[in-house]
Amino acid sequence: MIKLRLLPWVQPQRLFAALMIIGGSKSTATGTTSTLNIPKKSTLTSRPIGNYSREYSTSSSSTSKSSTTSSSSSSKPVKSIFNDTYLNDVFWNLSSQGPAFAINPNNVEFIQEPSDFYNQLINGIKTAKKRITFASLYLGIGKLENEMVNEMILACEKNADLKVHVLLDGLRGTRLSPEKESSATLLHRLKSKFPERVTISLYHTPDLNGILKKVLPPRVNETIGVNHLKTYVFDNDLLLSGANLSKDYFTNRQDRYSWVKQTESVSSYFDNIVSIIGSISLRLNEKGEVYLPPGTVDPVTESKEFKSVAYKKLSTLLQPNTFYSATGGLQAISSPYDINDIAKKEDITWIFPTIQMGPFNIRQDEVVTSYIFDSVPSQSKFYITSPYFNLTNNYLQLILRGKPMLDIITCSPQANGFYGSKGISGAVPDCYSLIEKGFLEKVVNSGNQDRIKVEEYIRDKWTYHAKGLWITAQNQEDPSITLIGSPNFGSRSVEKDLEAQIILITQNKSLQQKMKSEKEYLWKDTQDANLKTFEQPDRKVSIWVRMLVYVFGSYL
């Protein structure tokens, strides 16, 4: 009897896995709708975002102002947070969706190279005395990753009060290599040595249940949803990035990395985020076994209740019009004017953490990102970076109807992480190339070709993974706003995964220069892309790729 066997490049699981990462909506390749359906509230009970720049007064308390209406407070005197009207408006609108943290601008740095990112992680582990809190998609299993775990073991041996919490995605973190190793098996060494002081949490999406849980094989099942946070806390220092913990991200995969040091409030807030997600996650015990802690709702068999519990816990983080000083921990102050731990008031920089957790209907990041896309003044300059450029319908339309000069950087096919892959995965760069071409066609068709520019990152033997944006204040050259963290601007980030980032606003000249330098560092390895780019022989895509994008582009 002849045994039929599908070739590797048409095996259903490989096809599904490769195509699901394309993300976005079908409209990015084939057309847009005329309506916007942008959420206006971070949670079901949040206040809708709107024009709140004149609703706050120094006589209003944190409690009372949350119920103040524009008509009742318009006559009260209002002091500005920033000299620039746009920055001031952004501050108050973002405050309406969650807490704000004042920080010393001298305590913010932007790391440029992946190797420096790794070194900062190692140094943070070595110097931590009280807490190390990591959240990532996964931890690799190579030499560098083993050295990182060894440093955690040494840190625990030297510091009896040190506690370590590592949150990974449960599906990706337990996926076995051909050598039967995984993130969990590597971290077992750490957990077994310090069972009372080390917590290994493994998040499992509640959307992978029923028949999908039974039939989807490893790797494919990760397309349903994962923990995508990339946050690293060492005592009162925070390293926030879009980078995972594996060799590529430590060597030749370009990402972004913000280092906020000596700031207890922000570090504790992100520690809380990880703690809450960890409280609803599976755990790794000292025997190397994955288990569901007693009293924890099962995300697979009780997915509806799991989502409800997760929503209730996470929504407590999003307290509007709540302000924190740089050194006061998570003890809120009465107003943003009461900052006394930074010498020059004009130097005060504000950080707004945002989270996006579609499975639980937590939509803060989507709300504020949509607001930002929609509100950038025509006199400002706007910069976006996205490695997997496949905008949601809402983001796409907001960008096309915007007014400022906009410069976008994305991957060239050669800088895509799937470039040169075998089988169907090798078609992924061409899929994104086609989506990029579709976007440029929309730019031209909407008359935006003189306003919107697209560039592609290309660097020999490097891949690109940087995400976020920068905005200059009106008629200025250096950025005053940046977004940095784990989210892309596609549907997967919005609907399926757990994401977090920060929005940083400043008028401090030194920090603005740092932001400018970081942006320019990424742009130095780019080349212009326009519709003529896609006429080149090496940019032609097959009918097969066009079919893939058309059929599967709406999955994420």
Side-chain angles (χ1 to χ4, degrees), residues 9 14-25 28-29 114 137-138 140 172 219 222-223 226 228 230 241-244 246-256 384-392 407-440 454-468 486-493 497 521-531 533-542 544-550 552-553 555-556:
W9 58 273
R14 293 197 179 191
L15 177 67
F16 187 56
L19 294 176
M20 288 293 275
I21 60 91
I22 294 172
S25 65
T28 52
L137 176 63
Y138 69 102
R172 181 64 182 88
R219 187 172 185 177
E222 296 162 28
T223 61
V226 296
H228 202 244
K230 320 293 172 57
S241 179
N244 292 302
S246 67
K247 179 183 176 181
D248 287 353
Y249 294 91
F250 302 150
T251 53
N252 63 345
R253 188 158 174 77
Q254 184 66 57
D255 215 302
R256 298 180 66 203
I384 293 175
T385 176
S386 178
Y388 302 119
F389 190 64
N390 192 12
L391 298 169
T392 68
D407 198 348
I408 299 170
I409 178 174
T410 189
C411 286
S412 65
Q414 295 88 345
N416 188 293
F418 290 89
Y419 184 75
S421 297
K422 296 180 180 179
I424 193 65
S425 299
V428 170
D430 280 347
C431 290
Y432 279 109
S433 183
L434 183 62
I435 293 169
E436 180 188 347
K437 179 184 178 184
F439 173 77
L440 286 168
V454 176
E455 300 180 61
E456 294 179 343
Y457 183 91
I458 183 165
R459 185 176 177 184
D460 187 38
K461 297 181 181 179
W462 280 61
T463 58
Y464 190 72
H465 199 249
K467 303 171 285 291
S486 67
N488 282 290
F489 299 111
S491 292
R492 170 151 198 162
S493 288
D497 297 339
Y521 179 78
L522 297 176
W523 256 262
K524 72 181 180 66
D525 291 305
T526 63
Q527 59 187 14
D528 290 346
N530 52 48
L531 289 177
T533 303
F534 299 89
E535 297 175 0
Q536 300 173 10
D538 62 341
R539 297 302 293 269
K540 300 290 186 180
V541 299
S542 66
W544 169 242
V545 169
R546 294 176 184 274
M547 291 174 58
L548 296 183
V549 173
Y550 182 83
F552 292 96
Y555 268 87
L556 293 179

Applying side-chain hydrogen bond (donor to acceptor under 3.5 Å, both in side chains), name anything that partners Trp462, two or more places apart in sequence or on another chain.
none

Could you tell me if the side chain of Thr392 sits less than 4.5 Å from the side chain of Ser491, heavy atoms only?
yes

Quick one: list whatever passes salt bridge (Lys or Arg N to Asp or Glu O under 4.0 Å) with Arg172, sequence neighbours left out.
none

Answer yes if the ring centres of Tyr432 and Tyr388 are under 6.0 angstrom apart, and no otherwise.
yes

Roughly how far, to the nearest 0.5 Å, is the OG atom of Ser386 from the NE2 atom of His465?
9.5 Å

State, with a plain yes or no, whether a side-chain heavy atom of Tyr419 is found less than 4.5 Å away from one of Thr463.
no

Check the surroundings of atom NZ in Lys461: do more than 12 heavy atoms from other residues, nucleotides or ligands lie under 6.0 Å from it?
no

Check this for me: Tyr521, atom OH, are more than 12 non-hydrogen atoms of other residues, nucleotides or ligands nearer than 6.0 Å?
yes

Among Thr385, Asp255, Thr526, which residue meets the side chain to side chain donor-acceptor pair (under 3.5 Å) test with Tyr464?
Thr385

Where Arg256 and Ala466 come nearest, the two heavy atoms and their spacing
CG-CB, 3.6 Å

Any non-hydrogen side-chain atom of Arg459 less than 4.5 Å from a side-chain atom of Ser412?
no

With Asp248 via side-chain contact (heavy atoms from CB on, under 4.5 Å) - residues at least two apart
Asn252, Arg253

Flag for Arg539-Ser433: side-chain donor and acceptor within less than 3.5 Å:
yes

